[in-house]
*Asks:* 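Quick one: the structure is below, questions incoming.
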Amino acid sequence: MTPQELAALKRRAELDIDKALPIAQAVIDKIKQDGDRGVVEYARKFDYAGASVENLKVTAAEFAQAQELIDPEVRSAIEQSFANIKAVHQRQMPEEMQLAEIDAGVFAGEKISPIPSVGLYVPRGRGAFPSMMLMLAIPAMVAGVNRVIVCTPPDKQGNVEPVSLVAAEMAGVKEVYKLGGVQAIAAMALGTATIPKVDKIIGPCSIYGAAAKRLLYGTVDVGLPAGPSESIVLADETTDPQLAALDLLIEAEHGSDSAALLVTHSEAVARKASEYVADYLKRLPDWRREFCEQGLASYGGILLTASLEESINFINDYAPEHLEVLVKDPFSVVGKIKNAGEILLGAYTPSSMATYAIGVNAVLPTGGFARSYSAVSVFDFLKRSTLAYLTPEGFNRLKQTTQTLAAYEEFPAHGMAIREREGLLDL
Ligand SMILES: NC(=O)c1ccc[n+]([C@@H]2O[C@H](COP(=O)([O-])OP(=O)(O)OC[C@H]3O[C@@H](n4cnc5c(N)ncnc54)[C@H](O)[C@@H]3O)[C@@H](O)[C@H]2O)c1
Ligand SMILES: N[C@H](CO)Cc1c[nH]c[nH+]1
Ligand SMILES: [Zn+2]
C-alpha cells in the first residue's frame with residue numbers, strides 16, 4: 001500500500017462526520033431556539049411522522065407491553081448477559097473513600113461519587129441494540145447514578161424496540177424517550193420542557209449523533225467517541241482461515257461505514273480467508289451482505305504484512321475498537337498490544353460473544369481514540385473528588401512551602417490565610 005492508502009485506511013469513516021456537522025448544527029440551533037417544538041420537528045422528519053410532545057416519553061403501558069412481547073428465549077439470553085455484565089462492572093467499583101497518611105499529620109486521598117444525572121444513547125437504525133442498553137444502563141446502575149434517562153429512536157410507527165425496554169427495566173431505568181440522532185443528543189445536552197438536561201451523555205451512535213456530540217462538547221460531557229464499528233482480526237500461519245473469515249464479517253455487517261480488517265503475515269491464510277469470506281457472505285441477507293461488501297471495499301479488507309511484528313505495529317498505530325488475537329499463542333502477543341478498545345484472546349473468544357455474553361463492555365472507542373479512551377465502565381459514571389485532612393503537625397510541616405510558593409506566584413491572600421492561622425489556631 002502507498003502511504004496515502006494506509007493513511008486513508010487509518011482514517012476510516014471518521015471523516016464522514018464532517019459531512020454531518022452542518023445538519024447537526026441546524027438541528028441544535030433550532031432546539032436551542034424552540035425547545036420541544038424543535039425536538040418534535042426533527043423527530044418527525046427523521047424518525048416518526050406522528051411524534052408529538054405528548055408521546056415522546058415511553059409510558060408505563062409501553063413498558064408493560066414490552067414484557068408481553070419478549071420471546072422467552074430472548075429473555076433468558078438477556079438475563080444471562082445482564083448477570084455477566086453486572087458481575088464484571090461490580091468488580092470495577094473502587095473504594096468509596098480512601099485517605100492515607102503520606103507524611104506526619106498529612107492525610108491525602110479521594111472520595112468517589114456518582115455523576116448526578118446521565119443520558120444514555122441507545123442506537124437504533126441499522127439494527128436494534130438491547131445489548132447496548134445493557135452495556136450502558138448496568139454500569140450506570142452499579143455506579144449509583146441518581147437519574148438515568150435514555151434516548152433511543154422509535155420505528156416508523158413510533159414504537160421503541162421492546163427488548164431494549166425490558167433491558168432498561170432490568171437495570172432500573174424507567175425514563176426512556178423516543179428520540180434518535182442529533183435531536184436526542186441536543187435535547188439531553190440543552191434540556192427542554194420535556195427532556196431533562198443531563199450532566200453527561202454516553203452511548204454509541206452513527207455520524208449524526210457523533211456530529212452533535214462534537215458540536216456540544218463544552219455544553220455537556222459527551223463521553224467517549226463511540227462511532228462506526230471497527231475490528232481487527234490478527235492471524236498468523238496457524239490461524240484457521242475459516243475462523244478468520246467468519247470473525248472478519250462480525251463487525252463488517254454493521255454498516256457500509258464499518259472498518260473490518262484481517263491483518264496477517266501469512267499469505268496462505270490471507271488467500272484462503274478471502275475465499276471463505278466470499279462463501280460466508282452468500283449466507284447473509286442482502287442488506288447486511290451489501291454493508292459488508294461496501295465496508296470491506298472502502299475501510300476494511302485483508303492486510304498482508306511482512307511479519308507478526310509488523311502486524312502488531314500496525315495494530316498499535318491503528319488502535320482498533322475490537323481486536324481478536326487468533327495467533328498460535330495469544331498470551332505471548334497480548335503484552336505487545338498497546339492500543340485497542342478490547343483485546344480478545346484465542347479462537348474461543350469471538351467479538352460477538354464479547355458483545356452479547358461475556359460481560360466485558362462492548363461500548364468502545366473508535367476512530368483511533370482507543371489510543372487514549374477506554375471501554376465504557378463504571379468510571380464513566382463516577383467522578384473523584386480529592387480529599388485531604390491536616391492535623392496541627394501536618395499544617396506546621398507544610399506552612400513554609402505554601403507561603404513560599406504563594407509569594408512566588410504573587411497570591412498574597414493565599415499566603416495570608418496560612419500566616420494568620422498562627423494567631424487563630426492552636427499550633
Ligand atoms: N463503538 C461502539 O461501541 C458501538 C456500539 C454499537 C454500535 N456502534 C455503531 O453505532 C452506529 C449506530 O448507528 P445506527 O444508524 O444503527 O443508529 P443511530 O441511532 O445512531 O442512528 C439513527 C438516527 O440517525 C438519525 N438520522 C438518520 N438519517 C439521518 C439524516 N439523513 N440526517 C440526520 N439524521 C439522520 C435519525 O434521527 C435516527 O434516529 C453504527 O455505526 C454502529 O456500528 C458502535
Ligand atoms: N459490535 C458493536 C460495537 O462495535 C456492538 C454491537 C451490538 N450489537 C451488535 N454489535
Ligand atoms: Zn457488533
Side-chain angles (χ1 to χ4, degrees), residues 12-14 16-17 19-28 30 39 41-48 51 81 120-136 150-156 158 160-161 163-164 167 177-187 202-213 223-231 247 249-260 287-288 291-292 295 299 320-324 341-342 344 350-357 360-370 373-376 380:
R12 36 290 211 196
E14 286 298 303
D16 294 350
I17 292 176
K19 290 187 222 149
L21 288 173
I23 303 166
Q25 189 65 65
V27 179
I28 292 167
K30 186 76 179 165
V39 170
E41 178 184 327
Y42 284 104
R44 286 181 183 162
K45 180 169 179 184
F46 293 126
D47 291 315
Y48 167 46
S81 180
L120 310 179
Y121 185 80
V122 176
R124 184 191 188 181
R126 293 161 289 173
F129 289 97
S131 56
M132 296 298 99
M133 182 72 83
L134 295 176
M135 292 294 174
L136 294 166
V150 172
C151 278
T152 190
D155 63 15
K156 295 285 172 213
V160 168
E161 187 278 312
V163 181
S164 296
Y177 297 94
K178 301 174 183 179
L179 278 178
V182 183
Q183 55 278 17
I185 305 295
I202 187 159
C205 46
S206 60
I207 54 165
Y208 302 105
K213 284 184 186 175
L224 78 165
S229 298
E230 55 187 54
S231 65
D247 292 0
L249 295 181
I250 296 175
E251 301 307 332
E253 74 172 341
H254 272 280
S256 53
D257 50 3
S258 298
W287 66 294
R288 289 286 182 201
F291 281 162
C292 290
Y299 306 112
E321 179 196 2
H322 306 270
L323 172 66
E324 280 193 21
E342 146 179 289
L344 303 169
S351 87
S352 43
M353 213 163 248
T355 290
Y356 292 123
V360 292
N361 208 293
V363 179
L364 301 160
T366 55
F369 283 102
Y373 281 86
S374 311
V376 163
D380 285 283

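Both counts, for ligands and for their atoms, begin at 1 and track the order of listing.
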*Asks:* Can you list the ligand 1 atoms lying under 4.0 Å from a non-hydrogen atom of Leu364?
*Replies:* 1 (N), 2 (C), 3 (O)

*Asks:* List the closest protein heavy-atom neighbour of atom 21 (O) of ligand 1: residue, atom name, distance to the nearest 0.1 Å.
*Replies:*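 Result: Ser206 OG, 3.2 Å.
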
*Asks:* Can you tell me if Arg12 uses its side chain to pair, donor with acceptor, with the backbone of Tyr299 under 3.5 Å?
*Replies:* no

*Asks:* Starting from atom 22 (C) of ligand 1, what is the nearest protein heavy atom, named by residue and atom, and what distance separates them?
*Replies:* Arg124 O, 3.7 Å

*Asks:* Please identify which atoms of ligand 1 are closer than 4.0 Å to at least one heavy atom of Pro123.
*Replies:* 12 (C), 17 (O), 18 (P), 19 (O), 20 (O)

*Asks:* Return the closest protein heavy atom for atom 13 (O) of ligand 1 as residue, atom name and distance.
*Replies:*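 Result for atom 13 (O) of ligand 1: Arg126 NH2, 3.3 Å.
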
*Asks:* Only heavy atoms of Thr366, strictly under 4.0 Å: list the atoms of ligand 1 that pass.
*Replies:*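 Near Thr366, meaning under 4.0 Å from one of its heavy atoms, ligand 1 has 1 (N).
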
*Asks:* Please round to the nearest 0.5 Å and tell me the distance separating atom SG of Cys292 and atom CG of Leu249.
*Replies:* 5.0 Å

*Asks:* In terms of residue, atom name and distance, what is the protein heavy atom nearest to atom 43 (O) of ligand 1?
*Replies:* Ser229 OG, 2.7 Å

*Asks:* Just verifying a value: how many Å separate Thr366 OG1 and Tyr373 OH, rounded to the nearest 0.5 Å?
*Replies:*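 So the OG1 of Thr366 and the OH of Tyr373 are separated by 11.0 Å.
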
*Asks:* Number the atoms of ligand 1 from 1 as they appear, then name those within less than 4.0 Å of a heavy atom of Phe129, with their elements.
*Replies:* 7 (C), 16 (O)

*Asks:* Kindly determine whether Glu161 and Asp155 satisfy side-chain contact (heavy atoms from CB on, under 4.5 Å), including the steps that lead there.
*Replies:* CA-CA 8 Å; Glu161 187 278 312; Asp155 63 15; over 6 Å; no

*Asks:* Residue-level breakdown please: for His254 versus ligand 2, do any non-hydrogen atoms fall below 4.0 Å on the side chain, on the backbone, on both, or on neither?
*Replies:*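 Near ligand 2, His254 shows its side chain, while the N, CA, C and O stay back.
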
*Asks:* Mark up the atoms of ligand 1 that fall under 4.0 Å of a heavy atom belonging to Tyr121, in ascending order.
*Replies:* 18 (P), 19 (O), 20 (O)

*Asks:* Does His322 come within less than 4.0 Å of ligand 2, judged by its heavy atoms?
*Replies:*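 Yes, His322 has a heavy atom closer than 4.0 Å to ligand 2.
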
*Asks:* How far is atom 26 (N) of ligand 1 from the closest protein heavy atom, and which atom is that?
*Replies:*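 For atom 26 (N) of ligand 1, the nearest protein heavy atom comes out as Tyr208 CD1, 3.5 Å.
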
*Asks:* List the steps and the verdict of side-chain contact (heavy atoms from CB on, under 4.5 Å) for Ile250 and Glu324.
*Replies:* CA-CA 11 Å; Ile250 296 175; Glu324 280 193 21; 3.9 Å; yes

*Asks:* Any chance you could measure Ile23, atom CD1, to Tyr208, atom OH, to the nearest 0.5 Å?
*Replies:* 5.0 Å

*Asks:* Flag Glu321 as yes when one of its N or O atoms lies below 3.5 Å from any N or O atom of ligand 1, and as no otherwise.
*Replies:* yes

*Asks:* Using a strict 4.0 Å cut-off to heavy atoms of Ala362, name the atoms of ligand 1 that fall inside it.
*Replies:*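 With Ala362 as reference, the close atoms of ligand 1 come out as 3 (O).
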
*Asks:* Given side-chain contact (heavy atoms from CB on, under 4.5 Å), test Glu321 with Ser229 step by step and report yes or no.
*Replies:* CA-CA 7 Å; Glu321 179 196 2; Ser229 298; 3.9 Å; yes

*Asks:* May I ask whether Gly341 places a heavy atom under 4.0 Å from ligand 1?
*Replies:* no

*Asks:* From Phe291 CZ over to Glu251 CD, what is the distance, rounded to the nearest 0.5 angstrom?
*Replies:*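 Separation between the atoms: 14.0 Å.
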
*Asks:* For atom 44 (C) of ligand 1, find the nearest protein heavy atom and state the residue, atom name and distance (0.1 Å precision).
*Replies:* Gly227 O, 3.0 Å

*Asks:* Looking only at protein heavy atoms, which one is nearest to atom 4 (C) of ligand 1, and how far off is it?
*Replies:*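 Nearest neighbour among protein heavy atoms for atom 4 (C) of ligand 1, to 0.1 Å: Pro204 CB, 3.3 Å.
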
*Asks:* So that I can check it, does any N, O or S atom in His322 come closer than 2.8 Å to the Zn ion (ligand 3)?
*Replies:* no

